[in-house]
Amino acid sequence: MNHPPESDDADLVAKGRALSSPLRLRILRLCLHQSRTNKEIADLLGLNPASSLHHVRTLVRTGFLLAEERRKGRRGATEVPYIASRKSWTTPVDNVSPILIETFLQETRDLPPEDIEVWRLGVKFNAARREEMLGKLRAVVEEYMALPADDDGEATSLMIAHHRDPTAD
């Protein structure tokens, strides 16, 4: 079934809005390797469950979170666990850099220094060499992105940022 271009545009706009929130990106990270209920998400992020549910529903509606089979919770209430679809990795978002940086800052704010490894490198390359470097970095990230999670693995995150340094010219 073909959809009119307007619906595709509206869908892309809705997806972009869904991914323009550091809080929603943090929810996706929490549900990347393990399904979690709205209550678990709210508890982990220190949110009111009603606030969390608003964000969860937005992510479900846009296909970034998938609802799994309902189950009985510890107190007998019905719960719905959610798992990230990983579709956010390939969805374009306008002006995403500040959102990703803010998400990174929120996720790392309370971590002990030994849990964060940071490298910083200043280089001066022409456009061709810079594109070569960025292409190699993208290829490595995409290679590891495509791998399945290790059952005995520990969940970690990686952020790579590249920016112009006008003060070093």
Side-chain angles (χ1 to χ4, degrees), residues 1-111 115-117 137-162:
M1 172 162 110
N2 290 337
H3 296 285
E6 306 88 48
S7 73
D8 290 344
D9 289 345
D11 183 55
L12 198 54
V13 167
K15 287 179 177 181
R17 281 193 191 127
L19 296 177
S20 66
S21 161
L23 182 58
R24 290 189 192 123
L25 294 180
R26 292 179 69 196
I27 290 170
L28 290 175
R29 178 78 69 224
L30 288 173
C31 298
L32 180 59
H33 303 292
Q34 171 181 342
S35 58
R36 299 182 190 273
T37 66
N38 182 62
K39 173 137 178 40
E40 291 168 333
I41 293 166
D43 289 347
L44 287 166
L45 294 174
L47 297 174
N48 176 307
S51 295
S52 176
L53 187 58
H54 164 75
H55 295 288
V56 166
R57 285 181 174 161
T58 297
L59 292 167
V60 169
R61 188 172 51 253
T62 51
F64 298 122
L65 270 185
L66 304 172
E68 294 186 333
E69 206 169 304
R70 294 176 181 269
R71 65 184 186 203
K72 290 269 187 193
R74 283 185 283 186
R75 296 184 179 178
T78 301
E79 308 177 319
V80 178
Y82 300 94
I83 192 82
S85 68
R86 299 177 180 238
K87 290 179 181 179
S88 63
W89 295 355
T90 57
T91 300
V93 178
D94 290 336
N95 199 26
V96 73
S97 297
I99 298 160
L100 294 177
I101 292 168
E102 178 58 31
T103 304
F104 171 80
L105 292 172
Q106 288 179 18
E107 288 177 336
T108 59
R109 183 175 300 136
D110 297 324
L111 289 176
D115 284 354
I116 306 171
E117 192 171 350
L137 290 171
R138 275 188 211 100
V140 168
V141 169
E142 288 173 2
E143 175 186 342
Y144 282 91
M145 209 169 73
L147 295 175
D150 294 327
D151 290 338
D152 63 344
E154 177 183 10
T156 62
S157 296
L158 172 68
M159 179 176 173
I160 298 173
H162 172 262

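These figures come from a predicted structure and were not determined experimentally.
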**Asked** Is there side-chain contact between Tyr82 and Arg36, with at least one heavy-atom pair below 4.5 Å?
**Response** no
**Message:** Within a 6.0 Å radius of atom CZ on Arg86, are there more than 12 heavy atoms belonging to other residues, nucleotides or ligands?
**Reply:** yes
**Message:** Please find the pair of heavy atoms, one from His33 and one from Ala155, that lie closest to each other, and give the distance.
**Reply:** CD2-CB, 3.8 Å
**Message:** Once rounded to the nearest 0.5 Å, what's the spacing between atom CG of Asn95 and atom CG of Leu100?
**Reply:** 10.0 Å
**Any Thr91 side-chain heavy atom under 4.5 Å of Leu19 side chain** = yes
List the atom pairs, with distances to 0.1 Å, where a side-chain N or O of residues 62-73 and a protein N or O form a donor-acceptor pair under 3.5 Å, not counting sequence neighbours.
{"residue": "Thr62", "atom": "OG1", "partner": "Thr58", "partner atom": "O", "Å": "2.8"}
{"residue": "Thr62", "atom": "OG1", "partner": "Leu59", "partner atom": "O", "Å": "3.3"}
{"residue": "Glu68", "atom": "OE1", "partner": "Ser35", "partner atom": "OG", "Å": "3.0"}
{"residue": "Arg71", "atom": "NE", "partner": "Glu79", "partner atom": "OE1", "Å": "3.1"}

**Gap between atom OG of Ser88 and atom CZ of Arg24 - 0.5 Å precision** = 13.0 Å
**Prompt:** Would Leu23 and Thr103 count as a side-chain contact (heavy atoms from CB on, under 4.5 Å) if you check the C-alpha gap in whole Å, the side-chain angles of each, and the deciding distance to 0.1 Å?
**Reply:** CA-CA 7 Å; Leu23 182 58; Thr103 304; over 6 Å; no
**Request:** For Gln106, check side-chain contact (heavy atoms from CB on, under 4.5 Å) against everything at least two apart and list the hits.
**Result:** Pro22, Arg26, Glu102, Arg109
**Prompt:** Looking only at atom types and distance, does a side-chain atom of Asp94 sit under 3.5 Å from a main-chain N or O of Gly16, one as donor and one as acceptor?
**Reply:** no
**Prompt:** Can you check whether Leu12 reaches Pro92 side chain to side chain, under 4.5 Å on heavy atoms?
**Reply:** yes
**Request:** Measure the spacing between NE2 of His54 and CG of Asn38 and express it to the nearest 0.5 Å.
**Result:** 12.0 Å
**Over 12 non-hydrogen atoms of neighbours within 6.0 angstrom of CG in Asp115** = yes
**Request:** State, yes or no, whether a side-chain contact exists between Arg29 and Leu25 at a heavy-atom distance under 4.5 Å.
**Result:** no
**Item:** Asn48 atom CG, over 12 foreign heavy atoms within 6.0 Å
**Value:** yes
**Prompt:** Any donor and acceptor pair, going by atom type alone, linking the side chain of Thr108 with main-chain N or O of Leu111 inside 3.5 Å?
**Reply:** no
**Asked** Taking it one step at a time, do Leu30 and Leu45 satisfy side-chain contact (heavy atoms from CB on, under 4.5 Å)?
**Response** CA-CA 9 Å; Leu30 288 173; Leu45 294 174; 3.7 Å; yes
**Request:** Determine which pairs satisfy side chain to side chain donor-acceptor pair (under 3.5 Å) with at least one residue from residues 141-156, sequence neighbours left out, and list them in order.
**Result:** none
**Message:** For Ile41 versus Cys31, what's the shortest heavy-atom pair and its separation?
**Reply:** CD1-SG, 3.7 Å
**Asked** Does Ser20 reach the main-chain N or O of Arg17 with its side chain, forming a donor-acceptor pair under 3.5 Å?
**Response** yes
